[in-house]
*Asks:* 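Below you'll find the structure I mean.
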2 protein chains.
Amino acid sequence: MADETNPFGEFPHRVVDPKADGVTRVASVNVNGIRAAHRKGMGEWLAARDVDVLALQEVRADEAILTKLITEMTASTGVDWHIHDEEAAAKGRAGVAIVSRSAPTEVRAGIGEAHLEDQGRWVEADFTLGDGSTLTVASVYVHSGEVGSIKQDHKMRFLEYMRHHLPELARTRDHVLVVGDLNVGHTELDIKNWKGNVKNSGFLPEERAFFDGYFGEEGGYVDVARSLAGPVEGPYTWWSYRGKAFDNDTGWRIDYQMATPALAALAHNATVDRALDYSLRWSDHAPLVVDYRLP
Amino acid sequence: MADETNPFGEFPHRVVDPKADGVTRVASVNVNGIRAAHRKGMGEWLAARDVDVLALQEVRADEAILTKLITEMTASTGVDWHIHDEEAAAKGRAGVAIVSRSAPTEVRAGIGEAHLEDQGRWVEADFTLGDGSTLTVASVYVHSGEVGSIKQDHKMRFLEYMRHHLPELARTRDHVLVVGDLNVGHTELDIKNWKGNVKNSGFLPEERAFFDGYFGEEGGYVDVARSLAGPVEGPYTWWSYRGKAFDNDTGWRIDYQMATPALAALAHNATVDRALDYSLRWSDHAPLVVDYRLP
DNA sequence: CTTTCTACG
DNA sequence: CGTAGAAAG
């Protein structure tokens, strides 16, 4: 409940977890339609959370709508935010974006060589850090998949592409942070009911094997939230709208922040904004928020 | 506003216009989707209005859903209502129904010879009256039409069919009551902005000419609401959802009760339940309610 | 269960 | 402006 003495109203976590000076806060969130998210209270979360880089997935709106809503939701900050998105060819589907307080030096949309279609699933932006090094941030939305459907083939192709592209990014850039909805739980700690899902898209052995690769020596990335949380169940980032999945915390940890090791070492304070305290829920995913003490 | 001393709560008209003994109340209403109408308060209207025959148009639901919702909305009456509908071939489109307190002796769906398609636009039911005569009630939903579109041709074909069928019904039955959304304003009194609509479907000269025929000597029907209201503007039965049409009463009188003369002579108390008093609006049409002192 | 688009009104 | 279906998640 809101605390009358709390200037952040219904967001007490903002008080118990203030952003420290010199910290860059990166939030990744699948908004499941930014229009609906905005209607249901995303703006209050954004105003209270004080993020510096906001990576969005499933925007499901064109650039004009995205810009309008982000501008409205960030009006209280008094600064002009930089908004870069990749829309899907099909209206109202997928769509990723990177919204940032500072201007990127370069933005690349689409998934490069596997650029078979305008899918609204990958956008990356380069930022120059204080020490002159470069940070590349990608907002990613992997297909949800369905066993026995062509959608699963597309998902596997995308995961396969990432197996090549992630190491290449890590090799050619200073710091890399790939965040988003990867639609796969890596380990048994990542899905509440993992036994019931070993044959479902999202926890298939062949999907999970890709993640072993992303996070292993060859992949060169750290699963930041897992690294900071340790080997505990969850914290989940998605709950089905069906039944009482959210109330029972029958969730999946399928949203990630994947950082190159030197960057991951600067991460602290990873939080999934499940919003239990204030009972707000404006998406089926919750934001994954991480603070980085960047150079 | 609701009057605390009014047992009908937010339906004061129920008090100022009680149904007299020995009266049969017939209501016609285009519900624009009975699911939405139910959700928005149709049940309260129905419970308060004490109708005997309810003719519905644009049900936009299959029989199972219609039956469930009508049963729920009439539960307080403690009687089993008789429900007969004609669905459109296309799910979620059109659909007419006759809901009655007493059982019809026969029900006919579809528009007979011009029965080119399952359109969900015509259903008629026969009832036996106290003196042994027969009353046929039809619930009709005429196409909305659009000048220059094939939809206008379908509308004109339907109106043409009615030009033949209405006199035939009148000739072969004792009493006939054809009610519903005819989607045409007959005279300049029937549309607030008639001058601006002489070239629009719903007030075209060729459409209005059909109504001259329906209500003339050859047609053999009386426009009950107009007959009781006299030559005044309206009362309108439909207002666009766009702009402030409802608030400004920029409406159309396109819902009718058409009765054979002997039946029309028994009609009194025609009311359009515009619901201004209690600010409820659960369809873009308002119910047209008429009391008949049947033999 | 929820979102968006679409067709129809 | 609003309804319901469809496709997707």
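Letters A, B, ... are given to chains in the order of the sequence lines, protein chains preceding strands, and every chain is numbered from 1.
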*Asks:* In whole angstrom, what separates Asn200(B)'s CG from dG9(C)'s P?
*Replies:*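 Rounded to whole Å, this separation is 16 Å.
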*Asks:* Closer than 4.0 Å, any side-chain N/O of Lys40(B) to the OP1 or OP2 of dG2(D)?
*Replies:* no
*Asks:* Heavy-atom nearest nucleotide on DNA chain C for Ile65(A) versus Ser240(A): which residue maps closer to 5'?
*Replies:*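 Per heavy-atom nearest nucleotide, the more 5' residue is Ser240(A).
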*Asks:* Let's test your reading of the model: under 3.5 Å, does the base of dT4(C) pair with the side chain of Arg60(A) as donor and acceptor?
*Replies:* no
*Asks:* Using a cut-off of strictly less than 4.0 Å, decide whether Arg35(B) has a side-chain nitrogen or oxygen near OP1 or OP2 of dG5(D).
*Replies:* yes
*Asks:* When the distance from CZ of Phe246(A) to P of dG9(D) is rounded to whole Å, what number comes out?
*Replies:* 22 Å
*Asks:* Of Arg157(B), Gln119(B), His154(B), which is the lone residue that meets side-chain hydrogen bond (donor to acceptor under 3.5 Å, both in side chains) with His143(B)?
*Replies:* Gln119(B)
*Asks:* Is the distance from OP1 or OP2 of dC1(D) to the nearest side-chain N or O of Lys244(B) less than 4.0 Å?
*Replies:* no
*Asks:* Is the ring centre of Tyr241(B) less than 6.0 Å from the ring centre of Phe246(B)?
*Replies:*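 No; Phe246(B) has its ring centre 6.0 Å or more from that of Tyr241(B).
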*Asks:* Expressed as a whole number of angstroms, how long is the span from Asn30(A):CG to dT3(C):P?
*Replies:* 12 Å
*Asks:* What distance do Met258(A) atom CE and Asp223(A) atom CG have between them, rounded to the nearest 0.5 Å?
*Replies:*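 Here the interatomic distance stands at 7.5 Å.
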*Asks:* Does a side-chain N or O of Arg39(A) approach OP1 or OP2 of dT3(C) to a distance below 4.0 Å, or not?
*Replies:* yes
*Asks:* Using the closest heavy atom to pick a nucleotide of DNA chain C for each, name whichever of Gly92(A) or Arg93(B) lands nearer the 5' end.
*Replies:*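 The residue closer to the strand's 5' end, by nearest nucleotide, is Gly92(A).
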*Asks:* What is the nucleic acid contact for Glu146(A), judged by heavy atoms within less than 4.0 Å: base, sugar-phosphate only, or nothing?
*Replies:*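 No contact.
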*Asks:* Within this structure, what is the CG-to-C1' distance between Asp62(A) and dT4(C), rounded to whole angstrom?
*Replies:* 12 Å
*Asks:* For the aromatic rings, using the six-membered ring if either is Trp, is the centroid distance between Trp122(A) and His165(A) under 6.0 Å?
*Replies:*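 Between Trp122(A) and His165(A), the centre distance is under 6.0 Å.
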*Asks:* Of the options dT3(D), dG9(D), dG9(C), whose atoms approach the side-chain atoms of Ala36(B) most closely?
*Replies:* dT3(D)
*Asks:* Less than 3.5 Å between a donor and an acceptor, one on the side chain of Arg242(B) and one on the base of dG9(C), is that the case here?
*Replies:*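 Flag set: donor-acceptor pair detected.
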